[in-house]
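Reading through the structure tokens given below for one structure.
Both counts, for ligands and for their atoms, begin at 1 and track the order of listing. Any value given below was found using the heavy atoms of this structure, including those in side chains, with hydrogens, waters and symmetry copies removed.
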Amino acid sequence: MDSRSRILELFRRRDGGFVSGEEISRSLGVSRTAVWKQIRALRQIGYDIEAVTSKGYRLVQAPDRLVGEEIRAALDTAVVGSKVLCFEELKSTNVLACELGDKHEPEGAVVIADRQLAGKGRLGRRWESPAGVNLYASVLLRPAMPPWEAPQLTFVSAVAVAESIAELHGLPARVKWPNDVLIGGRKTAGLLNEMSGELERLNYVVLGIGVNINMEPDHFPSDLRHPPTSLAIEKGASVDRAEFVRFLLQRLDELYALYLDQGFEPVRRRWEACCDLVGQFVEVDQQGRVERGTVRGVDADGALVLDTPGGEARVLAGDVRPVKTGDK
Ligand code: BTN
């Protein structure tokens, strides 16, 4: 950890309280003048640090920047966040995380970008990724399991996102099969998981997570049929991105451990608890082939199970939307 990150770590541990110059200089093994220079440098990059004679320094407010060292230092995880790499700009965090996967990077590495130039959405769509407002993250995992079970991990990331939004911000986040998170019916987060493997063997999985955090209505493209939303729009106040990403990575780590230890069932139950679709009449568009029925739930393969006029149907991929009673 560099000197600035270590000073920030001391502030974080003091939780808004003062840390004396003497303490910082002792802990870093540098002179008081060197400490002052680091404090000045932190102020220049946007940290609001109060200095009071005889008390020391106090972090009043951190800028809304995502800094790998800071995120990493605040985590208490077994796997997720073993490394946190933050970039100002990337084509796509998923692309870099897959490259790391190909280069044998150990599991748990997290790639975050402040902005994506070619953010990838599902089905070849684009994911709007402007700078400074949202979270674009990809997590590299190497679970020892066959490739056909990898789609279950989409549910792990969906539950982690929905629970983080609900618990940290008190917003009614709901999951929509297979990989959206909505608030009040409007999309707030999207998940794009990619994997590499052979027929019988999984090399790695990349969980791609995009969360609209501080997007304002005029940031969204105007041609969208279903306008999305963001945490800030729903809360009516801006949201601390660093706090959100720490909470999310922590929750993802817990759910991943639960999944490895006890299998899909407890994750499936948590997912259903965040889902409004069960019992609803829906239609699922599978690239042109439409299936209609009442949602019974999700099975062990992560498939959506429907009661249809022709009997039970399992759907492995597609876009699902509720059908109003009059349209049945
Ligand atoms: C969707 O279409 O709903 C999925 C969107 C996934 C977006 C995230 S942002 C971080 C990661 N990197 C990407 O290029 N895409 C995913």
Side-chain angles (χ1 to χ4, degrees), residues 66 68 71 80-81 84-102 105 109-141 150-151 153-162 164-165 173-183 185-196 204-215 219-221 223-231 241 244-245 248-249 252 271 274-275 277 284-287 302 304 317-321:
L66 299 174
I71 296 169
V80 175
V84 180
L85 305 167
C86 290
F87 299 84
E88 290 269 301
E89 187 175 282
L90 282 178
K91 254 168 84 175
S92 150
T93 55
N94 267 28
V95 170
L96 182 59
C98 287
E99 284 169 14
L100 294 177
D102 293 335
E105 174 73 32
V110 178
V111 177
I112 294 175
D114 195 50
R115 167 186 187 211
Q116 295 186 119
L117 301 174
K120 300 202 285 180
R122 277 176 69 223
L123 306 171
R125 295 178 192 136
R126 213 176 105 82
W127 185 255
E128 281 304 313
S129 309
V133 282
N134 293 331
L135 174 65
Y136 318 113
S138 300
V139 183
L140 175 69
L141 296 176
L153 290 168
T154 304
F155 295 83
V156 172
S157 45
V159 173
V161 172
S164 299
I165 295 174
R174 312 302 290 159
V175 292
K176 176 170 167 263
W177 182 87
N179 39 10
D180 291 345
V181 179
L182 315 180
I183 302 177
R186 291 168 152 222
K187 184 155 167 170
T188 314
L191 310 162
L192 180 68
N193 294 354
E194 301 189 55
M195 66 168 177
S196 149
Y204 63 80
V205 179
V206 164
L207 307 184
I209 303 173
V211 187
N212 296 333
I213 295 191
N214 287 318
M215 289 271 260
H219 284 131
F220 295 112
D223 55 346
L224 293 178
R225 245 183 350 125
H226 303 290
T229 191
S230 69
L231 303 189
R241 289 189 299 164
F244 183 79
V245 72
L248 171 66
L249 296 179
L252 190 60
W271 185 87
C274 301
C275 177
L277 282 181
V284 189
D285 186 343
Q286 304 161 84
Q287 308 249 32
L304 192 70
D319 276 326
V320 60
R321 51 183 169 263

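Distance check, rounded to the nearest 0.5 Å: NZ of Lys187 to CG of Asn212 gives 9.0 Å.
If you check the side chains of Thr154 and Asn193, you find a donor sitting under 3.5 Å from an acceptor. Of the N and O atoms on the side chains of Asp102 and Tyr204, at least one donor lies less than 3.5 Å from an acceptor on the other residue.
Counting heavy-atom neighbours within 6.0 Å of Glu89 CD, excluding the residue itself, gives a total above 12.
The only member of Leu231, Leu66, Asn214 that meets side chain to side chain contact (heavy atoms under 4.5 Å, CB included) when paired with Leu135 is Leu66.
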key: Evaluation steps, salt bridge (Lys or Arg N to Asp or Glu O under 4.0 Å), between Arg241 and Asp114   = CA-CA 10 Å; Arg241 289 189 299 164; Asp114 195 50; 3.0 Å; yes
Pairs under 3.5 angstrom, nitrogen or oxygen on both sides, ligand 1 versus protein: list them out, please.
residue  : atom   : partner : partner atom : Å
ligand 1 : 2 (O)  : Arg122  : N            : 2.7
ligand 1 : 3 (O)  : Lys187  : NZ           : 2.5
ligand 1 : 12 (N) : Thr93   : OG1          : 3.0
ligand 1 : 12 (N) : Gln116  : OE1          : 3.0
ligand 1 : 14 (O) : Ser92   : OG           : 2.7
ligand 1 : 14 (O) : Gln116  : OE1          : 3.4
ligand 1 : 14 (O) : Lys120  : N            : 2.7
ligand 1 : 15 (N) : Lys120  : O            : 2.7

